[in-house]
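Remember, it's a predicted structure, so these values are computed and weren't measured experimentally. We're numbering straight along the sequence, starting at 1.
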Amino acid sequence: MGKYNFEQKIDRHGTRSTKWDMGAQLIEAGMADRFDEDTISVFTADMDFLCPPAIVEGMQKITNQKIYGYTQMDADLEYRDAVCSWHKRRYGWNIKPEEITYVNGTLNAMIRAVLSFTKPGDQIVIQRPVYSPFQMVIENAGRKLLDNHLKKEENYYTMDLEDLEEKLADENTTMMFLCNPHNPVGRVWRMEELNEVCRLCRKYNIVLVADEIHADLIRCNETFIPCAMAEEKCTLITCTGINKTFNVAGLQCTNVIISDEKMRNKYQNELLAQVGPVVPTPFAIEAVIQAYTNCDEWLEEVKEYLDENMRWVEEFLKEKLPKVGFRTPEGTYVIWLDFSAYGTTEEVFHRLSADANVVMDKGTKYGEEGRIRACIPISRSVLQEMFGRIYTEFGADML
């Protein structure tokens, strides 16, 4: 056992948690059939592990100040230095301090990119099955979505580069969203794949927006390459953050990296015009500094624990539910399960929720029938209980 106890069960009921305290709303929205004190909730990307002690202690220090007035991340150099140092030592990425723009949340950052660098009616390419709010960001801004659907063979996804070039070559296409690591399929894109995406974006004058919010949460035997480190270069906006990595999504800490000065100025000016000054809370500032300065060891132990969770799922499904398709993701803590042998997504979802009392997410939201998405940064005992219930519900179908 390591220094940190990820097997500890944390009761988050009564904490205003989206994951655990919104049962009635989930039922009303069709995202659950039942939700009670016995429900196991794994539908959203939210850890049930305690935050790193350094972050907790840092925010306690802020709490103890007893004044929470206007705060600036540039009152000293710590915030920007922490972001730059983290990406340099872990990925070899030399970010300059001035290239960082804080935005309160990754979707907000992507919305601002759309509004800054495209116009109504423009087309934006995504790669389904992909994080479903991408569609909301595009369509709510009055832009048109183009799907460069990923190719799949034996639960392994790759890019359809021929189709991608066709869509990027369209004169009405001006932007592409790249999810790296990919949510929900779990791919960590290789250098040759990133090179080809960047080459095509440069060829057709496309702004590439890279969502790299899961970058730190890769399997221990994998290597993450930031899109900015691709050998081929293009017009690039990268969204990074501590939200998923350190279980602080409620703090809304996203750092947008734009190396081109003119683009960065335009982005910042548009952000100011659209929403006014955007500054992190004192708690968010402290969390970023602590996460990127004092939490490497915690993260390595989290990754090891998540890897064991993934291995356990793979072995369980092979032995107990071999008709459920699964491939261990290269990155993220998301599992992308193929239940198509048991019926439609809706049929499977209702059995999971109503009968097994496990709330997962419908794959059709992400663009693929027969799939179910779940997030498993949870204790092994809860993971085992969850799959035990699933086996009880679906195991007899094998007979």
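Proximity of a side-chain donor or acceptor of Thr39 to a complementary backbone N or O of Ser41 within less than 3.5 Å is not detected. Side chain of Glu347 to backbone of Thr344: a donor-acceptor contact under 3.5 angstrom is found. The main-chain N or O of Arg380 is found under 3.5 Å from a side-chain atom of Glu7 such that the two form a donor-acceptor pair. Under the 3.5 Å distance criterion, the side-chain polar atoms of Gln274 are left unmatched by any main-chain donor or acceptor of Leu271. A distance-only check finds a donor-acceptor pair linking the side chain of Thr293 to the backbone of Ile289 [under 3.5 Å]. The closest donor-acceptor contact from the side chain of Asn104 to the backbone of Pro280 lies at 3.5 Å or more, if one exists at all. Glu193 contributes a side-chain N or O that, together with a main-chain N or O of Arg190, makes up a donor-acceptor pair within less than 3.5 Å. Side chain of Asp216 to main chain of Thr245: no donor-acceptor pair is present (N/O by atom type, distance under 3.5 Å, no hydrogens or angles). Of the possible polar contacts, none joining the Trp189 side chain to the Leu178 backbone as a donor-acceptor pair under 3.5 Å is found. Of the possible polar contacts, one joining the Arg264 side chain to the Glu98 backbone as a donor-acceptor pair under 3.5 Å is found.
Annotation: side chain of Glu330 is in contact with side chain of Tyr156 (closest heavy-atom distance under 4.5 Å). Counting heavy atoms from C-beta on, the side chains of Cys84 and Asn94 never come closer than 4.5 Å.
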(message) For Thr118 and Thr174: C-alpha separation, side-chain torsions, deciding distance, then whether side-chain hydrogen bond (donor to acceptor under 3.5 Å, both in side chains) applies.
(response) CA-CA 6 Å; Thr118 70; Thr174 55; 5.0 Å; no

- Task: Would you please test Tyr292 and Trp298 for ring pair (Phe, Tyr, Trp, His ring centres under 6.0 Å) and show each step?
- Result: CA-CA 11 Å; Tyr292 284 159; Trp298 183 91; over 10 Å; no

request  = In sequence, state the C-alpha distance, the side-chain angles, and the governing distance for His182 and Tyr131, and then conclude on ring pair (Phe, Tyr, Trp, His ring centres under 6.0 Å).
outcome  = CA-CA 8 Å; His182 192 285; Tyr131 185 49; over 10 Å; no

For Asn180 and Asp211, what are the C-alpha separation, side-chain angles and deciding distance, and is it a side-chain hydrogen bond (donor to acceptor under 3.5 Å, both in side chains)?
CA-CA 6 Å; Asn180 181 37; Asp211 172 5; over 6 Å; no

Between Tyr342 and Val324, does a side-chain contact (heavy atoms from CB on, under 4.5 Å) hold up when you go through it step by step? CA-CA 8 Å; Tyr342 294 92; Val324 176; 3.7 Å; yes

Practice problem: List the steps, then state whether side-chain contact (heavy atoms from CB on, under 4.5 Å) holds for Val114 with Ile111. | Solution: CA-CA 5 Å; Val114 170; Ile111 289 168; 5.7 Å; no

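The distance from the OG1 atom of Thr328 to the CD atom of Glu222 is 10.5 Å, given to the nearest 0.5 Å. The distance from the SG atom of Cys239 to the CD atom of Glu212 is 8.5 Å, given to the nearest 0.5 Å. Distance CD1/Ile138 to CD1/Ile124: 4.5 Å, rounded to 0.5 Å. Rounded to the nearest 0.5 Å, atoms OG1 (Thr173) and CE (Met175) are 11.5 Å apart. Taking CE of Met310 as the start and CD of Glu315 as the end, the distance is 13.5 Å to the nearest 0.5 Å. Distance check, rounded to the nearest 0.5 Å: CD of Glu286 to OG1 of Thr71 gives 11.0 Å.
Side-chain atoms of Asn148 and Gln127 form a donor-acceptor pair, as typed in the model, at a separation below 3.5 Å. In the model, Tyr267 has no side-chain atom that pairs as donor or acceptor with a side-chain atom of Asp260 under 3.5 Å. Side chains of Ser340 and Glu369: a donor-acceptor N/O pair is absent below 3.5 angstrom, by distance only. Side chains of Arg143 and Gln123: no donor on one and acceptor on the other come within 3.5 Å. Using modelled atom types and a 3.5 Å distance limit, the side chains of Thr101 and Gln268 yield a donor-acceptor pair. Side-chain atoms of Arg373 and Asn183 include a donor-acceptor pair closer than 3.5 Å. No side-chain donor from either of Trp336 and Tyr366 sits under 3.5 Å from a side-chain acceptor of the other.
Using a 4.0 Å cut-off between charged nitrogen and carboxylate oxygen, Arg34 and Asp36 count as a salt-bridge pair. Salt-bridge annotation for Glu393 and Arg351: present, with a side-chain N of the basic residue lying under 4.0 Å from a carboxylate O of the acidic one. The residues Glu368 and Arg371 are annotated as salt-bridged, a charged nitrogen and a carboxylate oxygen being separated by less than 4.0 angstrom. Comment: Glu314 does not engage Arg327 in a salt bridge, judged by the lack of any side-chain N to carboxylate O separation of less than 4.0 angstrom. A salt bridge links Lys119 and Asp122; the closest N-O separation between the charged side-chain nitrogens and carboxylate oxygens is under 4.0 Å. Using a 4.0 Å cut-off between a side-chain N of Lys or Arg and a carboxylate O of Asp or Glu, Asp307 and Lys303 do not qualify as a salt bridge. Between Lys203 and Glu165 there is a salt bridge, with a side-chain nitrogen of the basic residue lying less than 4.0 Å from a carboxylate oxygen of the acidic one. In summary, Arg89 and Asp296 engage in a salt bridge, as defined by a charged side-chain N under 4.0 Å from a carboxylate O.
Note: Trp312 and Phe316 have parallel aromatic rings, judged against thresholds of 30 and 60 degrees for the angle between ring planes. Note: Phe339 and Phe394 have tilted aromatic rings, judged against thresholds of 30 and 60 degrees for the angle between ring planes. Relative orientation of the Tyr68 and Phe283 rings is tilted, given thresholds of 30° and 60° on the angle between their planes. Using bins of under 30°, 30° to 60° and over 60° for the plane-to-plane angle, the ring pair Tyr305/Phe6 lands in the tilted bin.
Across all their heavy atoms, Gly105 and Thr254 have their closest contact at C-OG1, 3.1 Å. The minimum heavy-atom distance between Asn294 and Ala54, with the atom names listed, is CB-CB, 3.8 Å. Nearest approach of Ala215 to Tyr91, heavy atoms of both residues: O-OH, 3.5 Å. Taking all atoms of both residues into account, the shortest heavy-atom contact from Leu251 to Tyr102 is O-OH, 4.1 Å. Val256 and Ala109 get closest at one heavy-atom pair: CG2-CB, 3.5 Å. Closest heavy-atom contact between Leu200 and Leu164: CD1-CD2, 4.0 Å.
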Taking only distance into account, with no hydrogens and no angle test, what donor-acceptor pairs under 3.5 Å do side-chain atoms of residues 224-236 form with protein atoms, sequence neighbours excluded?
| residue | atom | partner | partner atom | Å |
| --- | --- | --- | --- | --- |
| Glu231 | OE1 | Asn195 | ND2 | 2.8 |
| Glu232 | OE1 | Arg202 | NH1 | 3.0 |
| Glu232 | OE1 | Arg202 | NH2 | 2.9 |
| Lys233 | NZ | Ala228 | O | 2.8 |
| Lys233 | NZ | Ala230 | O | 2.7 |

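Residues satisfying the salt bridge (charged side-chain N to carboxylate O under 4.0 Å, His left out) criterion with Glu297, sequence neighbours excluded, are Lys3.
More than 12 heavy atoms of other shown residues, nucleotides or ligands fall within 6.0 angstrom of atom CG in Asn155.
Pairs engaging residues 43-56 under the salt bridge (Lys or Arg N to Asp or Glu O under 4.0 Å) rule: Arg12-Asp46, Arg12-Asp48, Lys19-Asp48 [sequence neighbours left out].
One hydrophobic cluster, built from ILVMFWY side chains closer than 4.5 Å, holds both Val248 and Val103.
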